Amino acid sequence: MIFDDIGSVMEFYKTYAHNVGFGVRLGQQKVVDNVLQWKRFLCAKEGFRTKKGMIAIDPAKKRRKVKLTRCGCEAYIYVTRESDGKYRIASLTEYHNHPFVPPSQQHLIRSNRQVSERVKTTLYDCQRASIGTALAYRFLHVDAGGFEHVGCTKKDLQNHYGVLKNKIKNCDAQMLVDQFGRLKALNPAFFYEYEVDDVGTLVRLFWADASSRKIYGHFNDVVSFDSTYNTNQYEYIFAPFTGVNHHMQSVFFGAGFLLHETTDSYAWLFTAFLRAMGGIAPRLIITDECLRMKNAIGKILRNTAHRLCMWHIMEKVPGKVHPELKNDLAFYDRLKHCVWNSETPAEFEDRWKSFITEFKLEDHEWFAKKYMLRATWIPAYFMNIPLAGLLRTTSISESANSFFKRFICRRLTFVEFWLRFDTALKCQRQNELIADNTSQYTTTELLTSWDIERQARALFTHEIFELFQAQVLAARDECDVQEMANGEGIKIISISDQYKKIREVCYDTKTMTAKCNCKLFKSTGIICRHIIRVLRGAKINELPSSCVLKRWQKNCKRDIVLDGEGNVLEEKFIDQVDMAVKRKIAAVRNKLEDLIQNAKGSMEGIELLHTSLCNVELDLAQLVPDVACSTQENQESFIGSAIPKHVTILTPTDVNGRGTCSRIKGHRDGVKSGSGEKSRRPGIHQKVARKCNICKELVFHDAGTCSKKQTAQQ
């Protein structure tokens, strides 16, 4: 048989082998002056494994055992080059000394498997979307209509992605910093800073893009800072700054990576954050309990009120109480009522003492410590701080945790983290865009005939209007004026509500401002039912400007935001050509999918579509030369940056990258680190007793190492 090139020979023999049921391996060849003279194609089972591959492996080392696949099969074809440049099969052996693979398993033959471009694209897209390799392969199986149509196995996919991770592991930090440099070149409003130690190891990094800096300009009153994330295989601490937008959604302001949790590291991070935000510090910052962090905040954010995150503290409660209380719903109800519903320090302290006594926690060390810190985390102690009540209406840290945990994993490199983070951040901003669109172009049903409700619907976003509307209904149905006292331009009105509490509203008739001792407006920016009842009684049909907080309005983001140097913060520069190409690609994919759906009903339709695509392929080859991309080029396209040859920014080498830990819960109460500024290693934990399924006892072993199991086997 004569073939035009060696590739045609390989394709022919692989197709023949696939139909028969054996694999193909490349054999010896001879090349003269870069011209292939002859080549052998062998059966995959040709020869025997070398002595090295047959050495017995010590079971104690738990290494993967090598599966022997060769049995000395002598089947082959021998191809030579003719004088006219074509190739001819000069000799062959057809006999095989092993059984053939049945048709149901032929897609598993090694030479029949490859990670195609479609599979690579799907794998990379899934990685960006925080979908692991196993789930990506499951999607490919469903999309292709069967495992036999995917073209590779899950292990092939994992090996392919593992090659990329091995390639970038020594230049990971360098690539992330280089990526930030490219982003800043595209948009000067992108901000980043970093520091390395004496040997070049990355120790601190902070970044905030233009959109985050602009969002902070609108919603900088309350910031949550959470450093309880151990994000990647180098055990860096991921520390994001988040806030709440006008839809009560969690928004991202900026983030940092810290190798060491020291006061100096936190001080550096807060300083970088202030520089990025034009020197504007938040009114209130909410953090986890950490002395180093507290010292840094006192040093850098001197005028910012600092409070502890109640969500973090309440999350630790189940691990601090006895088993009988851990599953007691009444215990949690009483605790939540004490923490969340106390309006004054005195009221909280009375309820706390009653709670401690009822559940016999007088000698509990952890609860005693939290009581000593009550002024830093109980809402009753900071009702006078503007918008501190957002902690009651939304849990900033809980919402942020729900967002960040989707793409946090200790197996990740910096590059993988950034790809996943960038996609997740775009999703967060898309959700905000959808909420903006909904508030601007849809309306909410009015439940009263009051003009004040109609005005609020036009001003506020849907989420805020629903909260305001609830206050309007309560003012109409549940509030009664009990007493009124007149002074010099001041009215003091006593109002009762469904909670059987008498509220006092001070109303200035000259300035049309009102204050209520329930402090709802002060703490959340939404006027309370008591003030609405007073305005209604005064026949005021419009909300005074003093009762409308700008951050809750639909158009609150229309103002221009400047950076510290007076430059306008532009969210992003759009490449119109690139956008047009992406739109066309999306249109082509949608059209092709429509054609497949129309044609799959008949064999003739599928044949026509296949023939037409082959013709298009020929026409496209004439228009655009087919330039094969190397594996590294494909990998760099996925990463979005070149893999550097020279590395000056390093990652630490003395870390344990095994295992996964998407979130460290309560790690600040775990192993105590040394005195001074010694860094905590959150990856180190004390052993915890667990119930063994064999001996049914709380022990420090599991079913696999239980002595009773070993005795039974003997």
Side-chain angles (χ1 to χ4, degrees), residues 189 191 206-226 239-255 270 273-287 301 303-307 309 311 382 385-404 424-440 459-468 521-526 548-564 568-572:
F191 182 93
F206 172 81
W207 78 92
D209 65 359
S211 296
S212 296
R213 299 172 71 188
K214 188 173 182 179
I215 292 172
Y216 180 81
H218 299 301
F219 309 112
N220 54 30
D221 29 36
V222 179
V223 170
S224 173
F225 176 72
D226 191 351
F241 295 84
T242 56
V244 177
N245 67 6
H246 54 323
H247 300 291
M248 288 290 186
Q249 297 172 328
S250 178
V251 288
F252 174 78
F253 293 147
F270 294 141
F273 176 78
L274 284 181
R275 278 198 292 267
M277 305 307 170
I280 301 175
R283 295 178 185 173
L284 172 66
I285 187 167
I286 303 156
T287 72
L301 304 175
N303 298 321
T304 298
H306 177 211
R307 295 294 180 265
C309 176
W311 183 77
F382 42 92
I385 299 177
L387 295 180
L390 288 180
L391 296 173
R392 298 171 62 89
T393 55
T394 65
S395 178
I396 302 178
S397 294
E398 183 177 8
S399 177
N401 174 58
S402 176
F403 168 70
F404 290 121
L425 188 58
K426 289 175 181 176
C427 291
Q428 184 189 81
R429 289 170 179 170
Q430 175 68 7
N431 290 336
E432 182 177 355
L433 190 65
I434 292 172
D436 284 341
N437 181 267
T438 302
S439 290
Q440 288 286 352
L459 287 175
F460 298 133
T461 62
H462 286 349
E463 294 78 12
I464 301 304
F465 175 69
E466 288 178 3
L467 298 174
F468 175 84
F521 181 72
K522 179 103 176 164
S523 61
T524 67
I526 301 170
V548 179
L549 205 62
K550 185 176 181 181
R551 77 163 344 266
W552 298 135
Q553 297 183 40
K554 297 178 182 179
N555 60 359
C556 67
K557 297 190 296 184
R558 290 184 178 178
D559 293 346
I560 295 175
V561 179
L562 305 177
D563 62 13
V568 177
L569 289 173
E570 296 290 346
E571 293 191 18
K572 59 181 178 180

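Below, each value reflects all heavy atoms present in this structure, side chains not excepted, and no hydrogens, waters or symmetry copies. Along the sequence shown, residues carry numbers from 1. These numbers come from a predicted model, not from an experiment.
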How long is the gap from CH2 on Trp311 to CG on Asp226, to the nearest 0.5 Å? 7.5 Å
Min side-chain heavy-atom separation Phe206-Phe270 under 4.5 Å: no
Taking all non-hydrogen atoms of both residues, which atom of His306 and which atom of Thr287 are closest, and how far apart? NE2-OG1, 2.7 Å
Please find the pair of heavy atoms, one from Leu301 and one from Ala281, that lie closest to each other, and give the distance. CD2-CB, 4.2 Å
Quick one: are Leu549 and Leu387 in side-chain contact, heavy atoms under 4.5 Å? yes
Nearest heavy-atom pair of Gln428 and Val251: which atoms, and what distance? OE1-CA, 3.6 Å
Taking Arg551 for its side chain and Cys556 for its backbone only, find out whether a donor-acceptor pair lies under 3.5 Å. no
Heavy atoms of other groups near Arg275 CZ, more than 12 under 6.0 Å: yes
Distance-minimising heavy-atom pair for Val222 and Phe253: O-CE1, 4.2 Å
If you measure from CZ on Arg429 to CZ on Phe252, what distance do you get to the nearest 0.5 Å? 7.5 Å
With a 4.5 Å limit on heavy-atom distance, are the side chains of Asp436 and His246 in contact? yes
Grab the two heavy atoms, one from His247 and one from Ser439, that are nearest each other, plus how far apart they are. CE1-OG, 3.5 Å
Glu466 versus Met248: any side-chain heavy-atom pair under 4.5 Å? no
Got Leu425 and Asp209 here, is their nearest side-chain heavy-atom distance under 4.5 Å? yes
Any idea which heavy atoms bring Leu284 and Arg307 closest together, and the distance? CD1-CG, 3.7 Å
Sub-3.5 Å donor-acceptor pair from the side chain of His462 to the main-chain atoms of Thr438, do we have one? yes
How many angstroms lie between CD1 in Ile385 and OG1 in Thr304, if you round to the nearest 0.5 Å? 10.5 Å
Do Phe382 and Ser523 make a side-chain contact, defined as non-hydrogen atoms from C-beta onward lying under 4.5 Å apart? no
Looking at Arg213 and Ala189, would you say the former's side chain and the latter's main chain have a donor-acceptor pair under 3.5 Å? yes
Inspect the surroundings of CG in Asn437 and state if more than 12 heavy atoms from other residues, nucleotides or ligands are less than 6.0 Å away. yes
Thr524 (side chain) donor-acceptor with Gly389 (main chain) under 3.5 angstrom: no
With a 4.5 Å limit on heavy-atom distance, are the side chains of Gln553 and Val548 in contact? yes
Whether the side chain of Tyr216 engages the backbone of Ile280 through a donor-acceptor N/O pair (distance < 3.5 Å, no angle test) should be reported. yes
Verify the neighbour count for atom CD1 of Ile560: are there more than 12 heavy atoms of other residues, nucleotides or ligands below 6.0 Å? no
Spacing of Ile526 atom CD1 and Phe521 atom CZ [to the nearest 0.5 Å]: 9.5 Å
